[in-house]
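Quick caveat, the model's predicted, so the values are computed rather than measured. In this chain, numbering begins with 1 at the start of the sequence shown. Only heavy atoms go into these numbers, but all of them, side chains included; no hydrogens, no water, no symmetry mates.
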Amino acid sequence: MAYNLLKGKRGIIFGALNEMSIAWKVAERAVEEGAIITLSNTAVAVRMGEVSTLGKKLSAEVIPADASNVEDLEMVFSQSMEILGGKIDFVLHSIGMSPNVRKKRNYDNLDYDLLDKTLDISAVSFHKMMQVAKKMDAIEEGGSIVALSYVAAQRTFVGYNDMADAKSLLESIARSFGYIYGREKGVRVNTISQSPTLTTAGSGVKGMENLLDFSEKMSPIGNASADDCADYCIVMFSDLTRKVTMQNLFNDGGFSSMGMSLRAMDQYSKSLDEYKDENGNLIYG
């Protein structure tokens, strides 16, 4: 059901790749709620993915760009304002990638050149995006900028690796830049910490299926889906949240507030023997 929450608003969605992408769902919901948008992803992603199909479906221009490159970002904002006919009301940063995870490097054996790439792509690009937009005065007064995060920014999850560092940095950037952007331009900056979601990027995380099952069992109302996240983003883009900024907002069915659920405790007690050595000592992963 549409409520016209974004009627007359202009937006840029970074990171849509295919139908598994949260950004893809957000783009669909934004247009459904009355917005006009542009879509952006890397040239390789545009060529290899299905974002062009989404663009045609939503009558949205696709602008190939590297979000970690300042000149590319300047081009995205200038072209988007020209295409959409004015300043931008909302931006979604749905970008994350770890070469260390892809190469299956453990956290205590990181390639530091690859770590630099992880942080630049997954977090510093958010700072670059806002710095470019602010210098260009590209965001409308009272506009909303949202980046997608994960609870691994605060807690350790086996297999999430250096992406946890990237998400921690991402949330810090949202607070620091949110203060400046809010005071000077009235622009809101927030992050949404989403349940583990089986996106193309998420499927590369070690043990993702088990993580999905664990968080489902731990969360009082279950995992939030990509569609649920899209709904949350729409509310954050709308005028209904015009006084919400510098927040990390959990959209995870209550997982982030849980210690141990009855179902998880029961499962835990049944499976301990699988993680003991021949001497009966517990093996820590």
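- Taking the ring centroids of Y150 and F157, they lie under the 6.0 Å cut-off.
- Looking at Q194 and N251, their side chains do bring a donor and an acceptor atom within 3.5 Å of each other.
- Using modelled atom types, one finds a donor on one side chain and an acceptor on the other under 3.5 Å when comparing T241 with R188.
- In this view, R105 satisfies the salt bridge (Lys or Arg N to Asp or Glu O under 4.0 Å) rule with no residue, not counting sequence neighbours.
- In summary, the side chains of N248 and T191 do present a donor paired with an acceptor at a separation below 3.5 Å, with no hydrogens or angles considered.
- Salt bridge annotation for K128-D120: present, with a cationic side-chain nitrogen under 4.0 angstrom from a carboxylate oxygen.
- Salt-bridge annotation for E28 and K57: present, with a side-chain N of the basic residue lying under 4.0 Å from a carboxylate O of the acidic one.
- A donor and an acceptor atom, one from each side chain of S225 and D228, are located under 3.5 Å apart.
- Aromatic ring orientation, F177 versus H127: perpendicular (interplanar angle above 60°, classes split at 30° and 60°).
- A side-chain donor from one of N100 and D162 sits under 3.5 Å from a side-chain acceptor of the other.
- Salt bridge absent: D231 and K25 never bring a charged side-chain N and a carboxylate O closer than 4.0 Å.
- Taking a cutoff of 4.0 Å between a charged side-chain nitrogen and a carboxylate oxygen, K9 and E33 do not qualify as a salt bridge.
- When hydrophobic side chains of Ile, Leu, Val, Met, Phe, Trp and Tyr are connected at separations under 4.5 Å, Y179 ends up clustered with I180, M246.
- Remark: the E171 side chain and the S149 side chain contain an N/O donor-acceptor pair separated by less than 3.5 Å.
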TODO: Using the side chain to side chain contact (heavy atoms under 4.5 Å, CB included) rule, take S80 and I63 through it: C-alpha gap first, then chi angles, then the decisive distance, then the call.
DONE: CA-CA 8 Å; S80 293; I63 307 174; 3.6 Å; yes
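- Ring to ring, F126 and H93 are close: their centroids are under 6.0 angstrom apart.
- In this structure, Y160 and K167 have side chains that are in contact, with non-hydrogen atoms separated by less than 4.5 Å.
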